[in-house]
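Here the structure is a predicted model, which is why all the values come from computation and not from measurement. Residues take their numbers from the sequence shown, with the count starting at 1.
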Amino acid sequence: MSIHPTAVISNKAKLGKGVSIGPYSVIGDGVNIADNVKIANSCTITGNTSIGANCNIFSGAVIGSVPQDLKYKGENSFLVIGKDNTIREFCTFNPGTSEGSKTIIGDGNLFMAYTHVAHDCVVGNNCIIANVGTLAGHVTIEDGAVIGGIVAIHQFVRVGTLSIIGGCSKVVQDIPPFSTCDGHPARVYGLNLIGLRRKQIPRQSITCLNSAFNILFTRGISIKHALEEIEKAKLSENQEVGYLVNFIKNSKRGLSRSCRSPKEE
């Protein structure tokens, strides 16, 4: 364990083996830090925050401060961070708002500088959020998603697995799994073929997904009718298409649609 003499560590905090804490960092009462976590200088980690093994937290990050939610009145809420995450400079992560609620972050994610993860968010595994990516409250980011720089995501939005959102996009509705999206508001441009291939998704699944995307986003028909066509063509028997269909059926904010203009649709 390596703790700089200027760091302020609560005697109620729990630190694992091999933890490193840099100059002028502050670790609060309810913090639980697992083995081999590296915390750079001038970080603040507070609240009911747990951090998994092998995370690397860079200078100026503020982790676990009270949510920026006017409903919050001092409830006992939590921030749970998994293992192997990289949290770059000046990121801010908040716990949940209501009593016992949690903000949950999985494993192996990269949060670039100035990323904000608000109250009650859920971030999966192996995601990348580029500089100044901003998640409002109750946002869900599924595994393997990539979010470009200066992207703002509206509260309660879901971002599907293996999707990618272009920089400076405004995201106000759910982003379909396996998609490439961009714009104000974000629109679907097609399949994230590079992400699918990197994940070694079978070629047959990519072909089925491409057919499903054509039905959903190029024919100008309603989501309801598109799903009916996908079912009729038995495309949802494919595992990835089935996942896409279930994602759409469970959407609460509605789905981001095609990049085509309304006239083209």
* To do: Would you check, one step at a time, whether the test side chain to side chain contact (heavy atoms under 4.5 Å, CB included) holds for N41 with Y24?
  => CA-CA 6 Å; N41 61 292; Y24 304 106; 5.7 Å; no
Might you point out which heavy atoms bring [X] and [Y] nearest each other, and give the distance in Å?
| X | Y | result |
| --- | --- | --- |
| P176 | F247 | CA-CE2, 4.0 Å |
| S169 | A186 | CB-CB, 4.4 Å |
| P67 | G96 | CG-O, 3.5 Å |
| A136 | C121 | O-SG, 3.0 Å |
| G148 | A130 | C-CB, 3.6 Å |
| C127 | G144 | SG-N, 3.7 Å |

Would the number of heavy atoms belonging to other residues, nucleotides or ligands and lying under 6.0 Å from [atom1] of [X] be above 12?
| X | atom1 | answer |
| --- | --- | --- |
| Q239 | CD | no |
| L193 | CG | yes |
| R253 | CZ | yes |
| Y114 | OH | no |

Nearest-0.5 Å distance that lies between atom [atom1] in [X] and atom [atom2] in [Y]:
| X | Y | atom1 | atom2 | answer |
| --- | --- | --- | --- | --- |
| K252 | Q173 | NZ | CD | 14.5 Å |
| H4 | S2 | NE2 | OG | 8.5 Å |
| I165 | D182 | CD1 | CG | 9.5 Å |
| D107 | N126 | CG | CG | 8.0 Å |
| L196 | N210 | CG | CG | 10.0 Å |
| K38 | N36 | NZ | CG | 8.5 Å |

* To do: Verify side chain to side chain contact (heavy atoms under 4.5 Å, CB included) between I164 and I194, making sure each step is shown before the conclusion.
  => CA-CA 10 Å; I164 183 167; I194 293 175; over 6 Å; no
Please tell me if the side chains of [X] and [Y] come closer than 4.5 Å, counting only heavy atoms from C-beta onward.
| X | Y | answer |
| --- | --- | --- |
| E228 | K224 | yes |
| L216 | I223 | yes |
| S42 | P23 | no |
| E89 | M112 | no |
| V146 | N192 | no |
| E240 | I206 | no |
| R187 | R257 | yes |
| H225 | R219 | no |

* Asked: So which of S256, S251, S163 actually passes side-chain hydrogen bond (donor to acceptor under 3.5 Å, both in side chains) with D174?
  -> S251
* N109 and side-chain hydrogen bond (donor to acceptor under 3.5 Å, both in side chains): which partner among D84, T86, N85, T115? -> N85
* For L244 and I230, run side chain to side chain contact (heavy atoms under 4.5 Å, CB included): C-alpha distance rounded to whole Å, both residues' side-chain angles, the deciding distance at 0.1 Å, then the answer. => CA-CA 11 Å; L244 171 66; I230 289 170; 5.6 Å; no
* Asked: How about F93 and F111: are their ring centroids closer than 6.0 Å?
  -> yes
* **Test log, rule side chain to side chain donor-acceptor pair (under 3.5 Å), inputs T161 and D143** => CA-CA 5 Å; T161 186; D143 294 352; 5.7 Å; no
My understanding is that only one of [options] makes a side chain to side chain contact (heavy atoms under 4.5 Å, CB included) with [X]; could you say which?
| X | options | value |
| --- | --- | --- |
| L79 | P95, S50, S65 | P95 |
| I153 | T140, T134, I147 | I147 |
| I63 | I81, I39, I27 | I81 |
| V37 | L15, I51, N54, I21 | I51 |

Is there a donor-acceptor pair closer than 3.5 Å between any side-chain N or O of [X] and the backbone N or O of [Y]?
| X | Y | result |
| --- | --- | --- |
| H119 | S98 | no |
| S10 | K12 | yes |
| R88 | N131 | no |
| T103 | N94 | yes |
| D120 | T97 | yes |

Same cluster (ILVMFWY, side-chain, under 4.5 Å), [X] and [Y]:
| X | Y | value |
| --- | --- | --- |
| V151 | V188 | no |
| L235 | I201 | yes |
| L162 | L110 | no |
| L255 | L227 | yes |
| I128 | V123 | no |

* To do: Not counting sequence neighbours, which residues clear salt bridge (Lys or Arg N to Asp or Glu O under 4.0 Å) with E75? List them please.
  => none
* Report the C-alpha separation of S179 and F217 in whole Å, then their side-chain angles, then the decisive distance to 0.1 Å, and conclude whether the side chain to side chain contact (heavy atoms under 4.5 Å, CB included) test is met. => CA-CA 11 Å; S179 66; F217 302 115; 5.9 Å; no
* To do: Give me the ring orientation class for F156 and H138: parallel if the planes are under 30° apart, tilted from 30 to 60°, perpendicular past 60°.
  => parallel
